[in-house]
Amino acid sequence: MRKEIVLSGYGGQGLLMAGVLLGEAIALYESMNVTQNQSYGVQARGGTSRSEVVISDEEINYAEIEEPDILLAMSQSALNEYGPKVKDNALVIVDSSFVEDMSPVKNTRNIHRIPITEISRDRTGKAMLANVVALGALSTLSRVVSKDSLEKEIAKRAPTGTEEINLRALAGGITEAEKLLK
């Protein structure tokens, strides 16, 4: 089993950290092999940002992603760039706060439009925790990592004093994704 995941959007949305959190949660608590790569544009905030996570129950000999099984697009430009590259029937999650045009994705009907940034604002009062909301939605819709594993990793990695608000953001993404599955 090999899963290729791309988390993409604008710099400043926390996608590089989301990739680290996802990769570590899977490696430490799910006993799977994981690689995680990241890239970002020349601008720290506002430029493009991408985190790639490869998960496998076997040794990972090739860490590059060719056709994502799972795509999280937190901006229209991210969907425009990576949407056409996803595998047939890939899971695509978009932040409907920033993504309107779904036409770049041609080979899947497994698309979920979630107001990720709005949920972050509603649940925490901060848009900057949208990456954690997105992880909650991704974990629920993809089942590549358990809620418990993500909670442990987020509680461990969150800056002191922010554990509760981060876990509230995670729960917001999980709750929204569970609604979609009903």
Side-chain angles (χ1 to χ4, degrees), residues 3 5-30 32 34 36-38 40 44-53 55 68-79 82 91-100 110-182:
K3 293 281 183 191
I5 304 168
V6 173
L7 312 174
S8 58
Y10 294 123
Q13 288 181 305
L15 295 165
L16 304 183
M17 177 53 75
V20 170
L21 291 168
L22 178 62
E24 286 187 4
I26 293 169
L28 295 174
Y29 306 112
E30 305 282 329
M32 299 284 284
V34 176
Q36 191 269 331
N37 295 313
Q38 52 195 13
Y40 45 89
R45 291 195 181 274
T48 59
S49 174
R50 177 185 78 240
S51 183
E52 298 179 346
V53 180
I55 304 164
D69 297 285
I70 301 168
L71 171 63
L72 168 67
M74 298 279 291
S75 69
Q76 186 65 56
S77 61
L79 186 67
Y82 301 108
L91 169 63
V92 178
I93 303 167
V94 301
D95 185 348
S96 61
S97 306
F98 298 110
V99 178
E100 293 181 15
N110 195 10
I111 299 173
H112 298 279
R113 295 175 42 86
I114 301 172
I116 295 169
T117 301
E118 290 174 34
I119 293 167
S120 180
R121 282 191 195 109
D122 291 346
R123 284 287 184 125
T124 70
K126 300 172 188 266
M128 66 186 280
L129 292 171
N131 62 335
V132 180
V133 172
L135 285 177
L138 187 147
S139 70
T140 302
L141 295 170
S142 70
R143 307 267 189 240
V144 296
V145 63
S146 72
K147 171 187 166 188
D148 291 343
S149 296
L150 274 177
E151 284 177 344
K152 287 179 197 173
E153 185 61 23
I154 288 168
K156 181 180 87 176
R157 281 284 204 148
T160 304
T162 67
E163 298 89 352
E164 181 186 331
I165 197 169
N166 275 277
L167 292 173
R168 213 166 47 235
L170 181 68
I174 291 168
T175 300
E176 191 66 24
E178 286 173 342
K179 289 179 193 174
L180 295 173
L181 293 175
K182 290 182 181 178

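Only a predicted model underlies this, so the values are computations on that prediction, with no experimental measurement involved.
Proximity of Val133 to Arg123: side-chain heavy atoms (C-beta onward) are nowhere separated by under 4.5 Å. Annotation: side chain of Glu153 is in contact with side chain of Tyr29 (closest heavy-atom distance under 4.5 Å). Under the 4.5 Å side-chain criterion, counting only non-hydrogen atoms from C-beta, Ile119 is in contact with Ile114.
A distance-only check finds a donor-acceptor pair linking the side chain of Ser139 to the backbone of Gly136 [under 3.5 Å]. Here the side chain of Glu163 pairs a donor or acceptor atom with the backbone of Gly161 at under 3.5 angstrom. Remark: side-chain polar atoms of Gln13 are paired, donor with acceptor, to backbone N or O of Tyr10 under 3.5 angstrom. Looking only at distances, a side-chain donor or acceptor of Ser8 sits under 3.5 Å from a matching main-chain atom of Leu72. At least one donor-acceptor pair under 3.5 Å links the side chain of Ser120 to the backbone N or O of Lys126.
A donor atom on one side chain and an acceptor atom on the other are found under 3.5 Å apart for Ser146 and Ser149. Using modelled atom types, one finds a donor on one side chain and an acceptor on the other under 3.5 Å when comparing Ser97 with Asp95.
When each of Val145, Ile26, Leu28, Ile5 is checked for a side chain to side chain contact (heavy atoms under 4.5 Å, CB included) with Val34, only Ile26 meets the rule.
Classification of Arg121 and Glu118 as a salt-bridged pair fails, no side-chain N sitting under 4.0 Å from a carboxylate O.
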Under the criterion salt bridge (Lys or Arg N to Asp or Glu O under 4.0 Å), I'd like the reasoning laid out for Arg157 against Glu24: C-alpha separation, chi angles, the key distance, then a yes or no. CA-CA 10 Å; Arg157 281 284 204 148; Glu24 286 187 4; 2.6 Å; yes

Pair Glu164-Arg168, salt bridge (Lys or Arg N to Asp or Glu O under 4.0 Å): steps then yes or no: CA-CA 6 Å; Glu164 181 186 331; Arg168 213 166 47 235; 3.3 Å; yes

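When all heavy atoms of Leu91 and Ser142 are compared, the closest pair comes out as CD2-CB, 3.6 Å.
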